[in-house]
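Only one structure is covered here, and it is reproduced in the block below.
When a ligand or atom number is given, it counts from 1 through the structure's own listing order.
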Amino acid sequence: MDVLFHFLFTLMALYAARVHVRHHHLAPLIFAFVATLPDVDHFLGLVARGTLHNIFVTFFFPLILIALAFKYEKYGVFWKQMSILFFLVLVSHPILDFFTSYSVVYFYPVSMQHVDLTNFDIQLNVEGETYPIVSSASAGVLVYAFILAGAFFLEELVEIQDRTHRGFRYALGRLGEQVRSWLREP
Ligand SMILES: [Zn+2]
């Protein structure tokens with residue numbers, strides 16, 4: 001997908017995930033900008049959708065930052081939450097590109113195999129006319145939205161854990177209760 005789409009959609013999704021309430025209006029803006037960074041590999045003589053779109057840069061690198069934040073941030077949640085947001089916006093970028101671009105080299109430099117999920121448009125044929133039901137692009141946007149919506153739940157999870165000083169399992173249970181009570185509220 002194009003750079004502007006990554007920027008705009010990430011911005012809207014992070015606002016919807018209330019990132020601006022928990023942090024500051026600058027946070028969704030900065031992370032929307034971060035979401036466009038992998039596309040720098042189209043320039044500077046790098047491998048397009050390879051050098052900065054691969055699993056090492058967009059998955060393992062931000063995952064290591066989360067691990068470091070959880071290991072070293074003993075008090076407070078700022079770096080834990082920032083590293084989670086960083087992870088979500090980076091990990092979702094190539095996944096959207098799988099559905100909308102033909103050439104994500106996801107395992108670069110280990111393999112030059114392209115990941116391509118652009119071919120499963122679902123159409124309905126009625127009396128010789130075709131009506132599109134699902135295109136791979138819209139399916140990609142759906143997956144992108146789901147991943148970015150994770151920002152809301154993961155940030156809440158970290159906050160519950162910090163507040164209660166209990167384990168991950170306990171915090172997950174509390175988050176489930178909280179979501180159920182939000183759903184019951186008008
Ligand atoms: Zn891209």
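- Under the 30°/60° scheme for interplanar angles, the aromatic rings of F78 and H23 are found to stand perpendicular.
- In this structure, R49 fails the cation-pi test against Y106, since its NZ or CZ atom is not both closer than 6.0 Å to the six-membered ring centre and inside 45 degrees of the ring normal.
- Below 30°, between 30° and 60°, or above 60°: for H6 and Y144 the angle between ring planes is above 60°, a perpendicular geometry.
- Sorting the N, O or S atoms of D97 by how far they are from the Zn ion (ligand 1) puts OD2 first.
- To the nearest 10 degrees, the Zn ion (ligand 1) sees OD1 of D39 and NE2 of H93 at an angle of 90°.
- Inclusion of H53 in the first shell of the Zn ion (ligand 1) is supported: an N, O or S atom falls under 2.8 Å.
- Of the residues listed (R174, E177, R166), the one engaging I160 in a side chain to side chain contact (heavy atoms under 4.5 Å, CB included) is R174, and it is the only one.
- With 2.8 Å as the limit, H42 does not count as an N, O or S neighbour of the Zn ion (ligand 1).
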